[in-house]
Amino acid sequence: MTEEKTAQTDASTPIMTASGVDVFYGKKQAIKNVSLDIPENQITALIGPSGCGKSTFLRCFNRMNDTIDSCRVTGDIQFAGQDIYSSKVDVVALRSRIGMVFQKANPFPKSIFDNVAYGPRIHGLAETKDHLEDIVITSLRRAGLYDEVSDRLNEPGTSLSGGQQQRLCIARAIAVDPQIILMDEPCSALDPIATAIIENLMDSMKEKYTIVIVTHSMQQAARVSQQTAFFHLGELVESGATESIFTNPAQERTQNYISGRIG
Amino acid sequence: MSDDHIVTSFDEDMSRLEALFLEMGEMVAEQLKAATRALRKEDRVLAKQVVKGDRQLNKMEAELNDLAIKILALRQPFAGDLRKVVITLKSAGHLERIGDLTRNMAQRTNTITKAEADTGPIDTLIRMSEIVQDMIGSIMRAYRTGDTELATLVRALDQSVDTSHNALFREMLTYMMEDLRNISGCMHVMFMAKNIERMGDNVADIAKELIYMNTGDWPEGKRVKSDKTSKMILDPDNVET
Ligand SMILES: Nc1ncnc2c1ncn2[C@@H]1O[C@H](COP(=O)(O)OP(=O)(O)OP(=O)(O)O)[C@@H](O)[C@H]1O
Ligand SMILES: [Mg+2]
């Protein structure tokens, strides 16, 4: 961060700590020297205008950027006592600790059951068939979807409504028992009711998980998150307790963005 | 805030809100000035005008409330904008209250003038009113220009209203003890003084709110209150005059 002034922060133990992170696509720098703590069992919202690097930064947390050839990440991201970019880290295992939910619900072309069972199967988490069923049902329950699909677990995941599909993806992420769930605009394709259901779900999920969410909706960030980080042109302009950011931000750029004066 | 909002109609709504609040402030100051003049000149016609004029003020407040609620519901403002809408709404309530107190003052003027009741010296009361009129003028200027320093100053000014109120309380007690026939008029003056003292408190509250609106922080420390009338007793055998 270049500027020292930040809004008041709620102190809480970070589960993840990014320090001096830079991200390049080829020669183009998309993230510039960003440091941010992710507090445990809280929801952190990343906000900022389109193209400011929110998704890029979010993808750093579970090394999703590794899948993009031109992308290079430097700096340090600590999780569970080690730098996740160290060569010793097993990326597949890392991604089971840190799950991800995308903007567009992307269920596999399989049954509802298999969508959720997929992760536990490839990670060998279930010892028996019964155990696997337990995991699937528990995950669907935690995602607030079970009651709606309990009698059609063998139907394709794609037969569900948009909001249900998104909750299916959340169930799929939960099934491998992660600690952190990253969400990139999870509600942008949903109507207000489906959005409210997901927001309510996130609120109950934070007891067990830590959530980092990218959102374009200021109202959503204000409603669901405890910490908000504002990005602009690849920089972290300001981060702090959501309440302070939305009532009394320290930086003029934050003030201007959240009150609709820069787009 | 320097930049324009992306949505022009948002800026328009905000300007309208500010204008309404400033208009209310102007009207409140004029009402108090007129009420004070009516008292000094024993002018019942003017006093009645003030009583009537308060209705207009209530209407303006209602309009301001509707607009603020509309902005909150439809625009969902944040940060500085949010503070401006909420504080303007809250401060307008204080202005409306000052209007009510002014109306009550005019009603009492009408009563004592009609009865030709002796009130004793009212110079101190007039002075209190003038201080509060100044405070209202200054606080509206502070709102218009975003002047936190001026708001802080106004907040402190309220003390001199309290001090005058203490002095008047003593004067009136003395005057009432001198001649029982003065009691009726003096009681009305005392209530008017209390009204003006409450107006000062309302302006001081607006000042506190403006400081929050401008800075995002409530001013630290309690405001010094100097109203001591609640503790005053005059011993009739030992009156200092
Ligand atoms: N795969 C890529 N290759 C090259 N450049 C990329 C790639 N992905 C993103 N960028 C660039 O990096 C910058 C940040 O992009 P990013 O997608 O992180 O922004 P964002 O804040 O998530 O935007 P939005 O709100 O529109 O999703 C942009 O300038 C973008 O063009
Ligand atoms: Mg994005």
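Letters A, B, ... are given to chains in the order of the sequence lines, protein chains preceding strands, and every chain is numbered from 1.
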Student: With a 4.5 Å heavy-atom cut-off (strictly below), which parts of residues 56-67 of chain B touch chain A? List them by number.
Tutor: none
Student: Please check if the number of heavy atoms outside B:K90 that lie under 6.0 Å from its NZ is greater than 12.
Tutor: no
Student: Verify the neighbour count for atom CD of A:Q78: are there more than 12 heavy atoms of other residues, nucleotides or ligands below 6.0 Å?
Tutor: yes
Student: Taking all heavy atoms of A:R261 and all of B:D11, pick out the closest pair and write down the distance.
Tutor: NH2-OD1, 3.9 Å
Student: Can you confirm whether more than 12 heavy atoms, excluding those of B:R37, are under 6.0 Å from its CZ atom?
Tutor: no
Student: Of the non-hydrogen atoms in B:L82 and A:F246, which two are nearest, and what is the gap between them?
Tutor: CD2-O, 4.2 Å
Student: Do any of residues 206-218 of chain B come closer than 4.5 Å to chain A, heavy atom to heavy atom, and if so which ones, in number order?
Tutor: B:T215, B:G216, B:D217
Student: Compare every heavy atom of B:A79 with every heavy atom of A:Q255, then report the nearest pair and how far apart it is.
Tutor: OE1-CB, 3.4 Å
Student: Please report the interatomic distance CE(B:M14) to OG(A:S259), rounded to the nearest 0.5 Å.
Tutor: 9.0 Å
Student: Should the heavy atoms of other residues, nucleotides or ligands under 6.0 Å from CZ of B:R198 be counted, would the total exceed 12?
Tutor: no
Student: Does B:R55 have more than 12 heavy atoms from other residues, nucleotides or ligands lying within 6.0 Å of its CZ?
Tutor: no
Student: Quick check on B:K33: does its NZ atom have over 12 non-hydrogen neighbours (other residues, nucleotides or ligands) under 6.0 Å away?
Tutor: no
